[in-house]
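In what follows, a single structure is set out as structure tokens and then discussed.
Order of the sequence lines sets the chain letters (A, B, ...), proteins ahead of strands, with each chain counted from 1.
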Amino acid sequence: MPKGVEHKRPIEPLLWLLFSAGGVLAALFVPVLLFLFGLAFPLGWLPAPSHSHMLALFGHPITRIVLFVLCVLSLFFWAHRFRYTLYDGLQIKHLNEVINVLCYGGAIVGSIVAGYILWQVPH
Amino acid sequence: MNQQPNYTEHHPRWYRTRVSTYWWLEKPAYFLFILRELSSVFVAWFVVFLLMLVAAVTGGAESYRQFLAWAARPGVVALNVVSLLFVLLHTITWFNLAPQAMAVRFRGKRVPGIWIAGSNYAAWVIVSGVVLWLIVQ
Amino acid sequence: MPDRISLQVLRYRPEQEAEPTVQEFEVPCHKDWVVLDGLNYIKDRLDGSLTYRWSCRMGICGSCGMTVNGEPKLTCATFLSEYAPGPVQVAPLRNFPIIRDLVIEMGDFMRKLPEVKPWIIRKEEKPLAEGEYLQTPEQLDDYKQFSMCINCMLCYAACPVVGLDSHFLGPAAIALAQRYNLDSRDQGAAERLEVLSQHEGIWGCTFVGECTKVCPKNVDPAGAIQRYKLKATIEWLKSFFMPRGAR
């Protein structure tokens with residue numbers, strides 16, 4: 001950051017950037033992953049991959065980077081949309097600050113947890 | 001006779017309506033919008049579910065087996081079915097709105113919207129294929 | 001097709017009632033009659049006190065926008081026969097205060113519009129002797145769609161955010177700002193960005209998309225706003241990575 005944060009530099013572009021990137025990644029990755037691990041494997045439609053295969057897959061640095069980025073951006077995508085849904089859907093804009101802390105704070109905490117869990121995979 | 005009319009910003013005789021809390025039930029398009037927005041909640045649930053899976057795999061073969069057994073419980077399956085429907089709604093609405101949100105130019109000409117949406121869907125097919133190939137043995 | 005149709009018109013006469021009421025009229029339903037013709041029939045033959053705005057009856061002036069069966073419509077371009085056998089509900093546009101009957105108060109929009117500076121801004125006007133500013137057909141195409149706006153306010157009536165947040169600039173004003181930003185003769189994009197990148201500018205929009213659907217001139221305000229978000233974000237990123245002079 002060469003010039004530092006300017007006084008009136010808005011935060012919205014950053015939040016929107018995270019939201020859009022998260023929206024794209026979630027749209028691309030989540031349906032297939034949720035279908036496999038949420039339905040196909042537990043219900044036996046497809047044979048579940050062996051533990052050693054999953055361990056090798058999650059242990060690979062690229063997988064972990066992709067999953068970390070997917071988790072972080074998806075959480076910010078959630079935070080941004082859910083914030084506006086609470087604002088407009090329930091008309092509780094006066095609780096602005098509480099909602100912001102709940103949504104974006106939740107995304108930050110979730111990102112840290114995601115980083116920790118993914119780091120814990122033996123590699 | 002020559003009295004100036006008294007214009008005020010909040011004219012007492014203007015009738016003002018307030019937007020209902022349930023405005024999103026007033027039109028099908030609004031309702032679809034709110035469903036689209038709520039899809040984000042299920043994306044967040046997916047992140048939780050994914051991290052539980054990763055933690056289970058880290059925990060060893062037995063905890064991975066337990067995770068799959070837990071994921072097969074009716075309540076969890078039901079939640080994931082609903083989540084999948086919402087996530088698909090997200091994917092479809094996101095790709096369909098993409099041409100409106102960006103104007104791509106190629107050799108000075110605006111690329112038709114169907115190409116932008118189409119390339120998004122193509123990317124979706126490729127990503128899904130690669131993920132399937134990596135995971136399914 | 002029945003030769004008559006019932007119009008349920010919202011009436012609000014502030015000198016005699018505190019709340020709007022619905023009054024029903026029977027009007028002829030000719031094949032070529034629009035809702036506005038029905039209202040004119042009422043005013044001419046049935047009740048001269050009915051108050052509404054109209055002028056050109058051909059989708060140019062943008063003054064006859066009303067809510068027809070719940071949807072914002074130009075009443076001059078909405079055929080009565082589409083709603084046969086009726087009844088047809090006619091109400092003022094939503095999200096605006098009602099002055100009388102079907103007439104809304106749009107001063108709020110009139111105050112917001114100049115904030116986005118919807119005119120061509122030049123850093124320096126070139127001397128008259130150098131002639132006009134030339135534009136290629138491609139350059140015209142860049143902004144032409146957004147220049148078709150007739151300020152009919154249908155998009156404001158369709159937008160839930162306008163109703164929920166009175167500070168939101170709204171679809172038409174932002175689309176008009178974009179019309180000038182995309183004009184090759186204009187140099188005022190940075191000035192407009194100041195206004196539009198506030199929370200009440202583009203960031204208030206949640207892309208419901210209804211403004212575009214109801215627009216009688218195919219302006220696509222929703223698209224304009226989303227593209228503006230992208231542009232504002234790129235400018236924001238540039239401010240980090242590029243020295244001041246290069247911007």
field: Interatomic spacing from CZ in B:Arg13 to CD1 in C:Ile99 - rounded to 0.5 Å
entry: 13.0 Å

Those residues of residues 20-36 of chain B, ordered by number, that approach chain C below 4.5 Å (heavy atom to heavy atom): B:Trp23, B:Glu26, B:Lys27, B:Ala29, B:Tyr30, B:Phe33, B:Arg36

- request: Heavy-atom distances under 4.5 Å only: say whether C:Arg94 touches chain B with side chain, backbone, both or neither.
  value: side chain

- request: Using atom types as modelled and distance alone, determine if a side-chain donor or acceptor of C:Arg227 lies under 3.5 Å from a backbone N or O of B:Gln100.
  value: yes

- prompt: Can you check whether B:Val19 reaches C:Asn95 side chain to side chain, under 4.5 Å on heavy atoms?
  reply: yes

field: From CA spacing to verdict: side-chain contact (heavy atoms from CB on, under 4.5 Å), B:Met102, C:Gln226
entry: CA-CA 7 Å; B:Met102 49 196 209; C:Gln226 310 322 309; over 6 Å; no

task: Look at atom NE2 of C:His199 and say whether more than 12 heavy atoms of other residues, nucleotides or ligands are closer to it than 6.0 Å.
output: yes

task: Supply the atom-to-atom distance C:Leu10 CG to B:Tyr15 OH, rounded to the nearest 0.5 angstrom.
output: 9.0 Å

Identify all side-chain donor-acceptor contacts of residues 146-161 of chain C below 3.5 Å with residues at least two apart in sequence or on another chain.
from     : atom 1 : to       : atom 2 : distance (Å)
C:Ser147 : OG     : C:Lys144 : O      : 2.7
C:Tyr156 : OH     : C:Leu169 : O      : 2.7
C:Tyr156 : OH     : C:Ala173 : N      : 3.2

Positions in residues 63-83 of chain B that reach chain C, provided some heavy atom is under 4.5 Å away: none

- request: Under 4.5 Å heavy-atom distance to chain B, tell me which part of C:Phe207 shows up: side chain, backbone, both or neither.
  value: both

- request: Would you mind checking which part of C:Thr212 comes under 4.5 Å of any heavy atom in chain B, side chain (CB onward), backbone (N, CA, C, O), both or neither?
  value: side chain

field: Proximity breakdown for C:Glu19 and chain B, heavy-atom pairs closer than 4.5 Å
entry: both

query: Among pairs that include at least one residue of residues 149-178 of chain C, which meet salt bridge (Lys or Arg N to Asp or Glu O under 4.0 Å), considering only residues two or more places apart or in two chains?
result: A:Lys93-C:Asp165

- request: Could you tell me which of C:Glu15, C:Arg100, C:Glu71 has the largest number of non-hydrogen atom pairs under 4.5 Å with chain B?
  value: C:Glu71

message: Tell me which of these, C:Lys231, C:Glu210, C:Glu138, C:Lys213, has more heavy-atom pairs under 4.5 Å with chain B than the rest.
response: C:Glu210

- request: Would you mind telling me which of C:Leu230, C:Asp142, C:Ile225 has the largest number of heavy-atom pairs within less than 4.5 Å of chain B?
  value: C:Asp142

